[in-house]
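All values reported here derive from a predicted model rather than from experimental measurement.
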Amino acid sequence: MARHLITSALPYINGIKHLGNMVGSMLPADVYARYLRQRGHDVLYICATDEHGTPAELAAKEQGLPVGEFCAQAHDAQKAVYDGFALAFDYFGRSSSPENREITQHFARKLNENGFIEERAIRQVYSPTDGRFLPDRYVEGTCPHCGYDKARGDQCENCTRVLDPTDLINPRSAISGSTDLEVRETKHLFLLQSKLQHEVEEWVSRHEEDWPQLASSIARKWLNEGLHDRAITRDLDWGVPVPADTWPDLAAEGKVFYVWFDAPIEYIGATKEWSDQDPENRDWKSWWYEADDTVRYTEFMAKDNVPFHTVMFPATELGVREPWKKVDYVKAFNWLTYYGGKFSTSQKRGVFTDQALAVLPADYWRYFLIANAPESDDSSFTWEHFTATVNKDLADTLGNFVNRVLSFSKKRFGEEVPAGGTPGGAETRLGEEIARLLAEYEQQMEALQFRKAAAALRALWSAGNSYLEEKAPWLEIKTDKDGAALTLRTAMNLIHLYAVVSEPFIPTTSKAMRQAFSLADDTATWVSADEAKALTAVPAGTPFTVPPVLFAKLTEDDLEAYKERFGGEAA
């Protein structure tokens with residue numbers, strides 16, 4: 001089986017992420033990783049907190065903590081939420097790790113040796129009030145492109161245009177709010193992306209037809225506009241330091257690398273962190289170095305991160321002139337909105353992941369978010385849509401099927417799977433339909449089409465209900481007890497099949513369904529087409545229990561309570 005390297009965009013350290021962040025990278029990556037593991041592939045799913053840069057320093061300052069202490073606490077808080085969502089990372093690291101520092105500095109030295117880094121004197125914003133040069137995110141002002149008055153000096157959150165601090169209209173210090181700003185000369189390192197333009201274009205052209213249109217169109221737009229040389233150092237106290245053995249003057253001035261230079265390298269750094277925990281059994285380089293023929297690398301991210309991963313980081317890897325693994329497939333997502341308006345971490349608008357888990361268990365959210373993933377366009381979260389989806393798909397279609405099959409069988413046949421008669425035409429048709437739908441589900445998962453995969457999974461669940469309605473064991477038992485027993489045994493085998501194949505979407509519920517049956521040797525990781533047709537994984541005589549209600553149906557009172565707590569429309 002193939003080796004699959006999977007990464008999701010690193011969540012930034014300053015605060016718990018909202019549902020849009022979850023569905024835009026980490027959750028679909030987890031669903032895909034779980035699916036591939038079940039199919040027998042060797043999978044390494046890597047993520048980490050992105051801990052450097054201005055927002056980390058500002059957030060630490062607000063809390064009155066040293067930035068290192070703040071980041072350590074925030075990392076643990078984020079990891080707890082991701083554990084709550086059952087994200088099965090192989091490793092969740094930190095971009096402030098010694099491993100990332102080591103590899104980032106190695107990349108910088110190699111880029112310099114190969115002529116792709118240049119030291120330049122630039123004019124930079126300086127705040128006499130703060131007594132320091134202000135890095136890009138320490139400057140706020142009005143975007144010259146769209147007029148948004150809270151644009152940062154690196155990027156406008158509203159129109160996503162990349163900016164320099166000197167582009168801003170009416171700039172002010174993010175530290176003190178002072179508008180008494182000057183422009184002074186200082187030195188920084190620049191990555192000469194312009195010299196790598198053609199190499200990046202050739203690399204993108206070899207991959208873009210396989211990528212989703214969203215990813216390829218964004219990459220092509222950036223290339224068509226031309227790659228510009230970009231400063232990769234900043235005046236900050238917190239970050240990967242410029243190595244003194246290569247740039248002694250800049251190191252003496254305390255320069256650190258720009259967060260968007262070291263953050264993608266943390267994918268490699270986190271893999272080394274993972275490997276360093278068990279070096280005798282883990283080889284990080286086998287995943288990243290000279291691995292083009294042995295590893296398929298898939299990245300998951302929202303559209304605002306696409307340029308950095310399809311153009312800027314590949315340029316860095318190409319310029320190093322070493323055989324580092326580059327991404328094969330970029331799964332890009334549009335944005336999940338809240339009632340049509342943007343989720344906002346800074347303005348606390350929308351539902352945040354810790355709040356979501358306080359409202360309902362993770363599987364409710366996992367299923368809804370993936371079933372409505374913003375793949376082809378932005379999609380909107382509303383409490384009305386969420387409630388309807390939970391009730392129809394999870395409570396009625398799946399949960400009610402499991403409960404009524406097991407409860408009715410226990411009541412009429414006891415606590416063992418009944419034997420029943422010989423399967424007939426209805427069972428043959430069911431098996432064929434289940435095999436067909438399973439193949440559709442597999443096809444969509446292989447293609448990373450998550451909404452279509454969710455629709456195929458929902459259709460699998462619906463097929464069980466259709467079979468139950470056709471056979472009506474509650475009527476059948478009055479005239480044909482063996483026939484009713486066969487129907488229930490077949491339905492119980494469907495429950496087990498659902499438990500296996502639903503695991504990427506709803507792992508906790510899948511475990512509960514699977515544990516309902518006391519099978520002596522239940523090692524199935526997937527279901528073959530023949531097994532789907534036969535539906536014999538749970539034989540007659542197998543003890544079973546009726547699990548608690550899998551999914552509670554949400555009421556109008558619940559809906560109104562959610563809307564009152566979180567707001568029923570975008571601000």
Side-chain angles (χ1 to χ4, degrees), residues 12-15 49-74 95-96 100-101 104-105 108 117-144 149-157 162-191 229-244 246-263 345-346:
Y12 199 72
I13 195 66
N14 63 335
T49 39
D50 179 6
E51 300 188 5
H52 292 139
T54 310
E57 289 195 354
L58 293 175
K61 182 174 180 289
E62 285 181 11
Q63 294 193 20
L65 293 173
V67 64
E69 183 179 339
F70 164 79
C71 288
Q73 292 180 9
S95 69
S96 61
N100 192 43
R101 181 170 63 247
T104 297
Q105 291 179 340
I117 287 184
E118 184 175 283
E119 185 176 325
R120 294 179 180 175
I122 65 168
R123 294 176 65 75
Q124 186 175 339
V125 176
Y126 183 87
S127 170
T129 302
D130 300 308
R132 60 179 294 176
F133 283 100
L134 299 181
D136 41 19
R137 287 201 178 197
Y138 275 43
V139 186
E140 297 175 344
T142 300
C143 175
D149 65 357
K150 294 182 177 63
R152 302 187 306 255
D154 64 335
Q155 188 175 26
C156 176
E157 185 184 44
V162 173
L163 302 170
D164 285 318
T166 53
D167 295 334
L168 294 172
I169 301 168
N170 299 323
R172 59 188 178 274
S173 167
I175 302 173
S176 61
S178 173
T179 58
D180 177 22
L181 303 180
E182 302 173 0
V183 177
R184 298 184 182 181
E185 187 172 281
T186 185
K187 289 184 178 180
H188 281 286
L189 299 180
F190 278 72
L191 177 62
D229 300 340
R230 189 160 179 83
I232 58 168
T233 52
R234 295 291 187 271
D235 294 282
L236 292 170
D237 297 325
W238 177 248
V240 175
V242 169
T246 309
W247 297 281
D249 292 343
L250 296 188
E253 294 175 10
K255 307 285 187 185
V256 300
F257 286 108
Y258 176 40
V259 63
W260 263 114
F261 181 73
D262 81 82
T345 301
S346 60

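- Annotation: the span from Phe261 atom CZ to Leu191 atom CG amounts to 6.5 Å, rounded to 0.5 Å.
- With sequence neighbours excluded, no residue forms a salt bridge (charged side-chain N to carboxylate O under 4.0 Å, His left out) with Asp130.
- A distance of 5.0 Å separates OG1 in Thr104 from CG in Asp262, rounded to the nearest 0.5 Å.
- In this structure, the side chains of Ser173 and Thr129 stay at 4.5 Å or more apart for every pair of heavy atoms.
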Determine, stepwise, if the pair Glu119 / Trp247 fulfils side-chain contact (heavy atoms from CB on, under 4.5 Å).
CA-CA 9 Å; Glu119 185 176 325; Trp247 297 281; 3.9 Å; yes
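- In this structure, the separation between CG on Asp167 and SG on Cys143 is 8.5 Å, given to the nearest 0.5 Å.
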Please test Leu163 against Cys156 for side-chain contact (heavy atoms from CB on, under 4.5 Å), starting from the C-alpha separation and ending with a verdict.
CA-CA 7 Å; Leu163 302 170; Cys156 176; 4.0 Å; yes
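- In this structure the side chain of Val125 never reaches within 4.5 angstrom of the side chain of Pro171, judged on heavy atoms.
- Atoms CD1 and CD, on Ile13 and Glu57 in that order, are 13.5 Å from each other to the nearest 0.5 Å.
- With sequence neighbours left out, Phe133 forms a ring pair (Phe, Tyr, Trp, His ring centres under 6.0 Å) with Tyr126.
- In this structure the side chain of Asp180 reaches within 4.5 angstrom of the side chain of Pro128, judged on heavy atoms.
- Using a 4.0 Å cut-off between a side-chain N of Lys or Arg and a carboxylate O of Asp or Glu, Arg120 and Asp229 qualify as a salt bridge.
- By the salt bridge (charged side-chain N to carboxylate O under 4.0 Å, His left out) test, Arg184 is found to be paired with Glu182, residues two or more places apart in sequence or in another chain being considered.
- Residues Pro241 and Gln105 approach most closely at O-NE2, 2.8 Å, considering heavy atoms.
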Side-chain atoms of residues 232-240: list all donor-acceptor pairs with protein atoms under 3.5 Å, sequence neighbours left out, distances to 0.1 Å.
from	atom 1	to	atom 2	distance (Å)
Thr233	OG1	His188	ND1	2.7
Thr233	OG1	Leu189	N	3.0
Arg234	NE	Asp136	OD2	3.0
Arg234	NH1	Ala231	O	3.3
Arg234	NH2	Asp136	OD2	2.7
Asp235	OD1	Lys255	NZ	2.7
Asp235	OD2	Gln124	NE2	3.2
Asp235	OD2	His188	NE2	3.0
Asp235	OD2	Lys255	NZ	3.4
Trp238	NE1	Glu51	O	2.6

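- A donor-acceptor contact shorter than 3.5 Å links the side chain of Tyr12 to the backbone of His52.
- Put simply, CG on Asp164 and CD1 on Ile122 are 8.0 Å apart, with the number rounded to the nearest 0.5 Å.
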Pair Arg123-Thr166, side-chain contact (heavy atoms from CB on, under 4.5 Å): steps then yes or no:
CA-CA 9 Å; Arg123 294 176 65 75; Thr166 53; over 6 Å; no
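- Residues Pro144 and Ile169 share a closest heavy-atom pair of CA-CD1, 3.9 Å.
- With sequence neighbours excluded, the residues that form a salt bridge (charged side-chain N to carboxylate O under 4.0 Å, His left out) with Arg172 are Glu140.
- Residue Leu65 holds its CG atom at 10.0 Å from SG of Cys71, rounded to the nearest 0.5 Å.
- Taking the salt bridge (charged side-chain N to carboxylate O under 4.0 Å, His left out) definition, one finds that Arg152 meets it with Asp154, sequence neighbours left out.
- Minimum interatomic distance between Ser127 and Leu181 (heavy atoms only, all atoms of both residues): CB-CD2, 3.8 Å.
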Derivation and outcome, side-chain contact (heavy atoms from CB on, under 4.5 Å), residues Ile175 and Arg132
CA-CA 10 Å; Ile175 302 173; Arg132 60 179 294 176; 3.8 Å; yes
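- Across all their heavy atoms, Ala60 and Val67 have their closest contact at CB-CA, 3.6 Å.
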